[in-house]
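The structure under discussion appears below in the form of structure tokens.
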Amino acid sequence: MPLNVWTSWPLPEALSRADDSGARRWIGRCVRAVAVVALMWSTLVGPGFRGWALVAALAGTAATLMAFRAFFRTTLAHRLWPSVALFAALEAGAFGFESGGAHLPATVLWCACGLTALERLPLAAGIPCSAAALGTFALVRSDNLLTTVTTAGGLALAGYVVRLDAESRGNTRRLLAQERAARAAEAESAALAERSRIAREIHDVLAHSLSAQLVHLEAVRMMIQRSTDLEEDRARLLERVVACRGMAREGLDGTREALSALRGEMAPVEDFLRRLAATEGVQLDVTGEARALPTEAGLALRRVVQEALTNVRKHAPGARVRVRLEYAADDVGLEVCDSGGRAAPGELAGSGSGYGLLGMRERAELLGGTLESGPDEEGFVVRLRVPA
């Protein structure tokens with residue numbers, strides 16, 4: 001057998017009663033108290049215990065109970081030598097009871113020490129201590145040697161069985177505690193992931209809305225700077241301001257939509273794209289058999305098409321835009337391409353953070369998909385594919 005089997009302590013969960021319910025602990029205490037009182041009463045009511053002898057017997061009983069309690073605490077703390085010293089004190093107490101004529105308490109104490117030593121001490125210390133207690137019991141009660149030896153052997157075996165049972169219960173409690181800790185960590189991780197998801201959605205909605213507003217506000221600023229007659233440009237300025245207001249309203253609607261999507265209340269992607277196509281005046285093509293998409297995939301499609309249209313406004317105003325949604329067997333694809341637009345003024349094209357498509361690419365990679373963007377023969381194209 002490995003060395004640690006002999007030198008290792010029983011698990012703290014096997015020795016502790018901390019996980020027991022309050023009612024169970026109180027029932028155990030009451031049972032032990034009744035047993036001790038009945039044992040001492042049956043012994044001390046005899047004619048041999050009077051006066052100071054009775055006082056000494058009661059004091060010895062109290063000291064024995066305190067030593068047992070201290071022994072339980074030191075074994076729970078895995079303190080070997082204090083535990084062995086307390087065990088020796090209990091053995092001495094048993095000899096005291098025996099010499100004072102209290103034979104039944106001495107017998108019970110020797111047997112209890114033999115059982116407890118095997119249950120709570122390392123085997124390297126528990127076996128000698130148990131052998132000493134049960135051997136003393138066998139020597140003192142040697143009137144019927146066969147019965148005494150059989151009783152001592154049975155008690156030793158019972159002590160080892162109690163130890164194995166306690167170890168089993170300790171392992172079960174430890175596994176249960178680990179499972180509870182794992183569930184708590186999993187719940188905390190899920191909460192953090194949900195917070196990150198919400199933060200990412202709100203960030204993408206606001207980034208799209210604010211960058212679109214910035215495009216129009218930048219155009220208004222440039223018109224004001226370059227205009228010589230603001231009264232003549234009033235209609236165009238008003239149009240831009242109204243567009244900014246519409247973008248702000250769109251941002252609020254997008255935020256509500258993102259929160260609804262996170263709650264599982266999202267409308268189908270093709271419905272969203274049709275509304276967006278009607279508002280922005282783009283061409284929409286849907287191929288494949290339409291089906292319900294996972295929430296994350298649907299949100300990714302929405303954010304990518306919004307970001308792509310914002311980039312068209314910034315870099316190629318007036319361009320013709322075609323949006324193509326394709327339902328495949330294992331994934332869904334989105335393509336946004338523009339053509340025929342005019343190059344935007346440098347200041348307008350430089351508005352925004354420049355991280356929109358990078359953020360969309362990271363979102364696609366988190367879902368196990370891909371996002372490609374770059375110039376093509378007619379203009380600029382953004383292609384997204386995500387598993388769905």
Side-chain angles (χ1 to χ4, degrees), residues 196-197 199-201 203-212 214-215 254 257-258 261 266 268-277 279-344 346 348-388:
S196 299
R197 180 185 175 195
R200 184 171 63 249
E201 294 304 328
H203 168 269
D204 290 343
V205 170
L206 294 180
H208 162 73
S209 173
L210 294 177
S211 62
L214 183 59
V215 169
E257 182 182 79
M266 185 168 57
V269 173
E270 57 267 24
D271 293 348
F272 170 82
L273 293 179
R274 289 191 180 95
R275 291 197 304 270
L276 188 65
T279 303
E280 300 287 342
V282 303
Q283 178 185 348
L284 174 64
D285 298 324
V286 180
T287 61
E289 185 177 353
R291 62 179 183 274
L293 301 177
T295 300
E296 289 285 356
L299 286 172
L301 293 169
R302 285 167 162 78
R303 300 297 168 255
V304 168
V305 72
Q306 288 175 331
E307 179 66 27
L309 292 179
T310 298
N311 288 338
V312 170
R313 297 190 198 102
K314 290 167 58 176
H315 301 284
R320 296 184 303 275
V321 181
R322 181 173 61 85
V323 177
R324 183 171 179 266
L325 178 65
E326 177 188 3
Y327 290 97
D330 299 324
D331 59 8
V332 61
L334 177 72
E335 181 180 278
V336 182
C337 57
D338 62 84
S339 60
R342 65 183 187 278
L348 193 59
S351 62
S353 64
Y355 294 104
L357 288 177
L358 177 61
M360 294 300 102
R361 184 174 293 109
E362 292 175 351
R363 175 192 286 268
E365 291 173 353
L366 286 174
L367 298 178
T370 59
L371 186 139
E372 301 175 353
S373 60
D376 66 351
E377 297 179 356
E378 299 181 353
F380 195 85
V381 63
V382 176
R383 295 186 181 92
L384 169 71
R385 299 205 75 88
V386 290

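- The line from CG of Leu371 to CD of Glu365 is 9.0 Å long, rounded to the nearest 0.5 Å.
- The side chain to side chain contact (heavy atoms under 4.5 Å, CB included) search around Val321 returns Val282, Leu309, Val312, Val323, Val336, Asp338, not counting sequence neighbours.
- The structure places CG of Leu384 at 8.5 Å from CG of Leu367, a figure rounded to the nearest 0.5 Å.
- Applying the salt bridge (Lys or Arg N to Asp or Glu O under 4.0 Å) test to pairs two or more places apart or on separate chains, none has a residue in residues 282-294.
- For the atom pair CG (Leu366) and CD (Glu362), the distance works out to 7.5 Å, reported to the nearest 0.5 Å.
- Side-chain contact check for Arg324 versus Cys337: every heavy-atom pair is 4.5 Å or farther apart.
- Partners of Thr370 under the side chain to side chain contact (heavy atoms under 4.5 Å, CB included) rule, at least two apart in sequence or in another chain, are Arg385.
- Take Asp271 and apply the salt bridge (Lys or Arg N to Asp or Glu O under 4.0 Å) test, not counting sequence neighbours, and it matches Arg274.
- With sequence neighbours excluded, the residues forming a side-chain hydrogen bond (donor to acceptor under 3.5 Å, both in side chains) with Glu270 are Tyr327, listed by chain and number.
- Applying the salt bridge (Lys or Arg N to Asp or Glu O under 4.0 Å) test to Arg322 and every residue at least two apart in sequence or in another chain returns Glu335.
- Nearest approach of Val269 to Gly298, heavy atoms of both residues: CG2-CA, 3.8 Å.
- Residue Pro387 comes nearest to Ala297 through the heavy atom pair O-CB, 4.1 Å, listed as atom of the first residue, atom of the second, then distance.
- Put simply, CG on Leu301 and CG on Leu273 are 7.5 Å apart, with the number rounded to the nearest 0.5 Å.
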